[in-house]
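Heads up, the thing below is written out as structure tokens.
Numbering of ligands and ligand atoms starts at 1, following listing order. Computed from a predicted structure; not experimentally measured.
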Amino acid sequence: MLIHGFTKTTLLDYPGKVAATIFLGGCNFRCPFCHNAPLVLAPEQEPAFPLEEILHFLEKRRKILDGVCISGGEPTLDPDLRSLCRSIKALGYPIKLDTNGTDPGLLRGLAGEQLIDHIAMDVKSSPEHYASLTGMDGPDLDRIDQSIQWLLTDPLPYEFRTTVVRELHTEADIIRISQWIVGARAYFLQAYQDAPQVMQPGFTAYPKEEMEHLCDLVRPAVPSVRLRGID
Ligand code: SF4
């Protein structure tokens, strides 16, 4: 398998844990605000990290790290994801998986085999605007909905998250998302942050006051809502 990025230590990627993060390439979405455009569009041109070296690093760091995050791109597209999880689990680490939720069957399978311990699922927008927010003509909303409905049954720790882009999200979108994930145990509204490798440059974030207002709009359906990425 090809690993296209590795963060040796982070306090940000796995809630409550000192973690390392592994990035897998490729994605079935083309979100215009994606921060990892090269990883999504041309993963074969990205540097590759040998798996053996990463596993060796994780083995040596067992006293310092207490979790591993697998991110992307979209990691559920990688046919070797299950074996990667097994190798990491064999070292004793809990695993958090970042996903866009397009493979509910795989998520259920990995959780059922206790190969993942935490899921962070992006909810890109309201169902009505999923196509434009993911850059796809016909994103499979049924699969997204299956992942959401399954996570809402609380099969393992999880969070939903939405990167809020001023030019792409309206108040109505955010309210509609909150109705879709009503009662979620954890939901984060993340302010868009510009980056050099963004898929489509030129987007901006809502100011803090507006993000707080969006939180207020979400709270009746999702009391757990919090902001992330706001100073
Ligand atoms: S934001 Fe996530 S789902 Fe969207 S293109 Fe980038 S990696 Fe894929």
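- Of the listed residues (Asn28, Thr102, Thr99), just one forms a side chain to side chain donor-acceptor pair (under 3.5 Å) with Glu74, and that residue is Thr99.
- With salt bridges taken as basic N to acidic carboxylate O contacts below 4.0 Å, one links Asp98 and Arg161.
- Atoms of ligand 1 lying under 4.0 Å from any heavy atom of Gly73, numbered from 1 in the order shown and given with element: 7 (S).
- The list of salt bridge (charged side-chain N to carboxylate O under 4.0 Å, His left out) pairs with a residue in residues 12-27, not counting sequence neighbours, is empty.
- Residues passing the side-chain hydrogen bond (donor to acceptor under 3.5 Å, both in side chains) test with Asp145, sequence neighbours excluded: Gln149, Trp180.
- Taking a cut-off of 2.8 Å, the protein N, O or S atoms nearer than that to atom 4 (Fe) of ligand 1 are Cys31 SG.
- Considering only heavy atoms from C-beta on, His169 comes within 4.5 Å of Thr162 through its side chain.
- For residues 183-209, the ring pair (Phe, Tyr, Trp, His ring centres under 6.0 Å) pairs, not counting sequence neighbours, are His35-Tyr192.
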